[in-house]
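Chain identifiers are assigned alphabetically (A, B, ...) following the order of the sequence lines, protein sequences preceding nucleic acid strands; residue numbering begins at 1 within each chain. These values consider heavy atoms only, across backbone and side chains, with no hydrogens, waters or symmetry-generated copies.
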Amino acid sequence: MPELPEVEVVCRGLDALIRGEKIEAVITFRDGLRYPFPDFSALVGASIEQVSRRSKYILIRCVLEEGGPCLLVWHLGMTGQFHVLPMAEEAGKHEHVRFDFKSGKSLRYRDARRFGYAGVFSEASWLQSDWYLALGPEPLSPSFHADYFYALCKKSNTAIKPLMMQAHAVVGVGNIYASESLFQAGVHPKRMAKRIAYRRVKALVLAIQQTLSRAIDAGGSSISDFVQVDGKPGYFAHDFYVYGREAAPCRRCSAQIKRMVQTGRSTFYCPQCQR
DNA sequence: CTGAAGACCTGCCTGC
DNA sequence: TGCAGGCAGGTCTTCA
């Protein structure tokens, strides 16, 4: 399901809906997803203080009864969804974990393909974890800028699109927004990163930031099964310029949008606008 | 070391 | 209608 904008939208929705809730029970319907589940029982009795995000990880900050904060970290994989429902409502299809709150509400995690994963950390152990340490800069933070990305491009020996999608380069740029940002910047997805001029790298950085920001503002993309926490779809898909538009006319120049496979992923581009 | 390909899963759509 | 094949937003592991 999610790239960074979708995760951001889910976080905002969750923060509004479960902040302050007290966890009464955690029920798992299997042993794990991508990895075995952590010991969720540590969270029983904890109150949810805040929901935020780092990269595509959802960070659910809890305060334990005995005092001391605790961090529930969740990655949605491809098809993970959180829903807040009344406790009494029956488990839906592919529901794997349920957090019951004292208020009678409950947080459900569904994930058809089961690529999602979760961990329980202390604040300090999260910052030292392999998951955290693998992450590059946030695309919407000041640490992601043209000088930084240009230096990285120069060192790289790969095409620009796979580089953009590597988490150590910049987090949160997935397959959709990589294609969309490259179109906006007029850069061909197969262009070798080291052969892009500084001014074009600068345009690409700006395009990534604008594309992600606009998607967040629109509530995330509504392709396939993305839904917000309240079940409403996102609306950004209506704005795609190239993604999923193979053989359709380019919105800028009317040339046919092309699809190709690049490092195992579909890439969409306009052969006329992107060089 | 780097970078590409394979693997993990299920569901859905297309075409025969 | 049924079924095989291809495809799907991520990322970790394996291989060259």
Subject >> Boundaries of the chain A footprint along DNA chain B (any atom under 4.0 Å from a heavy atom) >> reply: B:dG3 to B:dG11

Original post:
What residues form a ring pair (Phe, Tyr, Trp, His ring centres under 6.0 Å) with A:His96, not counting sequence neighbours?
Top reply: none

Subject >> Interatomic distance where CZ belongs to A:Arg113 and P belongs to C:dG10 [whole Å] >> reply: 10 Å

**OP:** For B:dC1 versus C:dT11, give the span between their P atoms, rounded off to a whole number of Å.
**Re:** 23 Å

**OP:** Name all pairs fulfilling the salt bridge (charged side-chain N to carboxylate O under 4.0 Å, His left out) condition that reach into residues 116-145 of chain A, sequence neighbours left out, sorted by first residue then second.
**Re:** A:Arg53-A:Glu138, A:Arg54-A:Glu138, A:Arg61-A:Glu123

Subject >> Positions of residues 159-168 of chain A (non-hydrogen atom under 4.0 Å from DNA chain B), listed by number >> reply: none

Under 3.5 Å, which donor-acceptor pairs link side chains of residues 64-72 of chain A to any protein atom two or more places apart or in another chain?
from, atom 1, to, atom 2, distance (Å)
A:Glu65, OE2, A:Lys22, NZ, 3.3

**OP:** Provide the distance between the two P atoms, one in C:dT14 and one in B:dC9, to the nearest whole Å.
**Re:** 14 Å

Original post:
Where along residues 255-271 of chain A does a heavy atom come under 4.0 Å from DNA chain B, residue by residue in number order?
Top reply: A:Thr263

Original post:
Does a sphere of radius 6.0 Å around NZ in A:Lys105 hold more than 12 heavy atoms from other residues, nucleotides or ligands, not counting ones at 6.0 Å or beyond?
Top reply: yes

**OP:** Could you tell me which residues satisfy ring pair (Phe, Tyr, Trp, His ring centres under 6.0 Å) with A:Phe29, sequence neighbours excluded, listed by chain and number?
**Re:** none

Original post:
Picking from A:Tyr132, A:Phe115, A:Tyr57, A:Tyr35, what satisfies ring-ring contact (aromatic ring centres under 6.0 Å, His included) with A:His75?
Top reply: A:Tyr57

Subject >> Whole-Å distance separating the CH2 atom of A:Trp74 from the P atom of C:dT11 >> reply: 16 Å

Original post:
Considering all heavy atoms of both residues, which atom of A:Pro139 and which atom of A:Ile208 are nearest to each other, and what is their separation?
Top reply: CB-CG2, 4.2 Å

**OP:** To the nearest Å, give me how far apart CD (A:Gln81) and P (C:dG10) are.
**Re:** 15 Å

Original post:
Applying salt bridge (charged side-chain N to carboxylate O under 4.0 Å, His left out), which residue pairs with at least one partner in residues 254-275 of chain A are found, sequence neighbours left out?
Top reply: none

Subject >> A:Arg54 CZ to C:dT11 P, straight-line distance once rounded to whole Å >> reply: 12 Å

Original post:
Sub-3.5 Å donor-acceptor pair from the side chain of A:Gln210 to the main-chain atoms of A:Ala207, do we have one?
Top reply: no

Original post:
Are A:Phe99 and A:Phe40 close enough that their ring centres sit under 6.0 Å apart?
Top reply: yes

Original post:
Taking only N and O in the side chain of A:Tyr35, is any of them less than 4.0 Å away from OP1 or OP2 of C:dT11?
Top reply: no

Subject >> Stems where DNA chain C pairs, listed by first number, each of three or more Watson-Crick or G-U pairs under 3.5 Å >> reply: B:2-8 with C:10-16, B:10-16 with C:2-8

Original post:
Under the ring pair (Phe, Tyr, Trp, His ring centres under 6.0 Å) test, which residues partner A:Phe121, sequence neighbours left out?
Top reply: A:Trp126, A:Trp131

**OP:** Report yes if at least one side-chain N or O of A:His75 is closer than 4.0 Å to OP1 or OP2 of C:dG10; otherwise report no.
**Re:** no

Subject >> Heavy-atom neighbours of A:Arg195 CZ exceed 12 at 6.0 Å >> reply: no

**OP:** With sequence neighbours left out, write down each residue that passes ring pair (Phe, Tyr, Trp, His ring centres under 6.0 Å) with A:Tyr109, or none if nothing qualifies.
**Re:** A:Trp74, A:Phe82

Subject >> Residues in salt bridge (charged side-chain N to carboxylate O under 4.0 Å, His left out) contact with A:Arg108, at least two apart in sequence or another chain >> reply: A:Glu95

Original post:
Checking all strands, does A:Lys155 fall into the base, sugar-phosphate, or nothing category for heavy-atom contacts under 4.0 angstrom?
Top reply: nothing

Original post:
Quick one: on DNA chain B, does A:Arg34 or A:His94 contact a more 5' nucleotide (nearest heavy atom)?
Top reply: A:Arg34

Subject >> Protein-nucleotide distance (A:Tyr243, atom OH; C:dC7, atom P), rounded to Å >> reply: 12 Å

